[in-house]
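Structure first, then comments.
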Amino acid sequence: MAKADPVEYTFDVNGLDLYYDQTQALKDISMKIQKNQITALIGPSGCGKSTFIKTLNRMNDWIEGCHVTGQILFEGKDIFKEVDSLALRYRVGMVFQQPTPFPKSVFENVAYGPRIQGISNKKELEEIVEQSLRQAACWDEMKDRLHQSALGLSGGQQQRLCIARTLAARPSVILMDEPTSALDPISTQKIEDLALELKEKYTIVIVTHSMQQARRISDKTAFFLLGELLEFNDTIEMFTNPSNPKTEEYITGRFG
């Protein structure tokens, strides 16, 4: 009998509890996030979605009073015991709700991560910048603006630039915390199309308030409520036949 691939799951979360001082924000979260899929996290504001996604690359380490119990395995290794946090953040990149380009040129935004990682060869940096911008579907728009300020780009372009900057660090996971909530419908569609292309090479976890977005692009959906994971299932199954009454109430708009 063939052995199962030990890294079929990018993340394997077991019994995760997270506290801000005495306040418990995540309660006994267990879920497996599959490789090369888009996993959507849904739920009302304040339910723990963003807290959970930031735990996957230990960004919550920077919050005073935050502590966790339980286990998160990333590609089979415990992120709290076996993985350096800085190395983890290169492998598990984050794209935020508001586009966050640095006040530098387009080129220097994308080259930032590789430079920090020790790459200084001009030709190699140029290749990484072009490849990353192509992957983020914005090379054609930005190839003639590489040495202009990234702050002059539109909101949608800035968000795709931030995705290119994340890709340049050569991650295996892209975390997206409501990446389209500040964007217009056309830019939103470009980001969604991009996510569907990128899942061929990357694992994507996206926090979204849009039920339609979760349904359009995700393979699996997790429903959070008051710090608990109430339901986690294939997206189509959850939206057509939710197993928890609270899930049904939320996705049909009765609360949240």
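Here the structure is a predicted model, which means the values were calculated and not measured.
Under the side chain to side chain contact (heavy atoms under 4.5 Å, CB included) criterion, C162 pairs with T100, P101, Q159, R165, not counting sequence neighbours. In this structure F96 satisfies the ring pair (Phe, Tyr, Trp, His ring centres under 6.0 Å) test with no other residue, sequence neighbours excluded. With sequence neighbours left out, the ring pair (Phe, Tyr, Trp, His ring centres under 6.0 Å) criterion links F11 to F74. Evaluation of the side chain to side chain contact (heavy atoms under 4.5 Å, CB included) rule for K143 yields W139, D140 as partners, not counting sequence neighbours. Scanning for side chain to side chain contact (heavy atoms under 4.5 Å, CB included) contacts around S149 gives L151, with sequence neighbours left out. Every residue two or more places apart in sequence or in another chain that forms a ring pair (Phe, Tyr, Trp, His ring centres under 6.0 Å) with F107 is listed here: H147. Applying the side chain to side chain contact (heavy atoms under 4.5 Å, CB included) criterion to N60, with sequence neighbours excluded, gives L18, Y20, T51, K54, T55, I63, C66. Remark: E127 engages K123 in a side chain to side chain donor-acceptor pair (under 3.5 Å) (not counting sequence neighbours). Judged as a ring pair (Phe, Tyr, Trp, His ring centres under 6.0 Å), and not counting sequence neighbours, the contacts of Y112 are F102.
With no hydrogens or angles considered, a side-chain donor-acceptor pair links Q213 and T180 at under 3.5 Å. If you check the side chains of D17 and Q24, you find a donor sitting under 3.5 Å from an acceptor. A side-chain N or O of D177 and one of S50 form a donor-acceptor pair less than 3.5 Å apart. Between the side chains of Q135 and Y202, at least one donor N or O lies within less than 3.5 Å of an accepting N or O. In summary, the side chains of E237 and N233 do not present any donor paired with an acceptor at a separation below 3.5 Å, with no hydrogens or angles considered.
Looking at D219, its side chain does come within 3.5 Å of a backbone N or O of I38 through a donor-acceptor pair. Although no hydrogens or angles enter the test, the distance criterion places a donor-acceptor pair under 3.5 Å between the side chain of K49 and the main chain of G43. When atom types are taken as modelled, the side chain of S181 and the backbone of Q97 share no donor-acceptor pair closer than 3.5 angstrom.
Pairs of residues two or more places apart, or lying in two chains, that qualify as salt bridge (Lys or Arg N to Asp or Glu O under 4.0 Å) and include a residue from residues 91-119 are E75-R91, E108-R115. Applying the ring pair (Phe, Tyr, Trp, His ring centres under 6.0 Å) test to pairs two or more places apart or on separate chains, none has a residue in residues 171-198. Listed by first then second residue, pairs satisfying ring pair (Phe, Tyr, Trp, His ring centres under 6.0 Å) with a partner in residues 168-196 number zero, not counting sequence neighbours.
In this pair, Y19 and H67 present their aromatic rings parallel. The plane angle is below 30°, not in the 30 to 60° band.
A pairwise comparison of heavy atoms in A168 and Q117 identifies O-OE1, 4.4 Å as the closest pair. Closest non-hydrogen pair, R160 versus C138, comes out as NH1-CB, 3.6 Å.
Residues S30 and V13 fail the side-chain proximity criterion, which asks for heavy atoms closer than 4.5 Å. A heavy-atom distance below 4.5 Å is not found between the side chains of K81 and Q71. You'll find the side chain of L153 reaches within 4.5 Å of the side chain of R145, heavy atoms only. Looking at heavy atoms from C-beta onward, D61 lies in side-chain contact with R58 at the 4.5 angstrom threshold.
Separation of the F232 and F223 ring centroids does not fall under the 6.0 Å cut-off.
Considering V173, T39, D12 in turn, T39 is the only one that fulfils the side-chain contact (heavy atoms from CB on, under 4.5 Å) rule with I33. Checked options F224, F52, Y250; the residue passing with C47 is F224 (criterion: side-chain contact (heavy atoms from CB on, under 4.5 Å)).
At a threshold of 4.0 Å, the pair D193-K190 does not count as salt-bridged, since none of the basic side-chain nitrogens sits closer than that to a carboxylate oxygen. Between R216 and E192 there is a salt bridge, since at least one side-chain N of the basic residue sits less than 4.0 Å from a carboxylate O of the acidic one.
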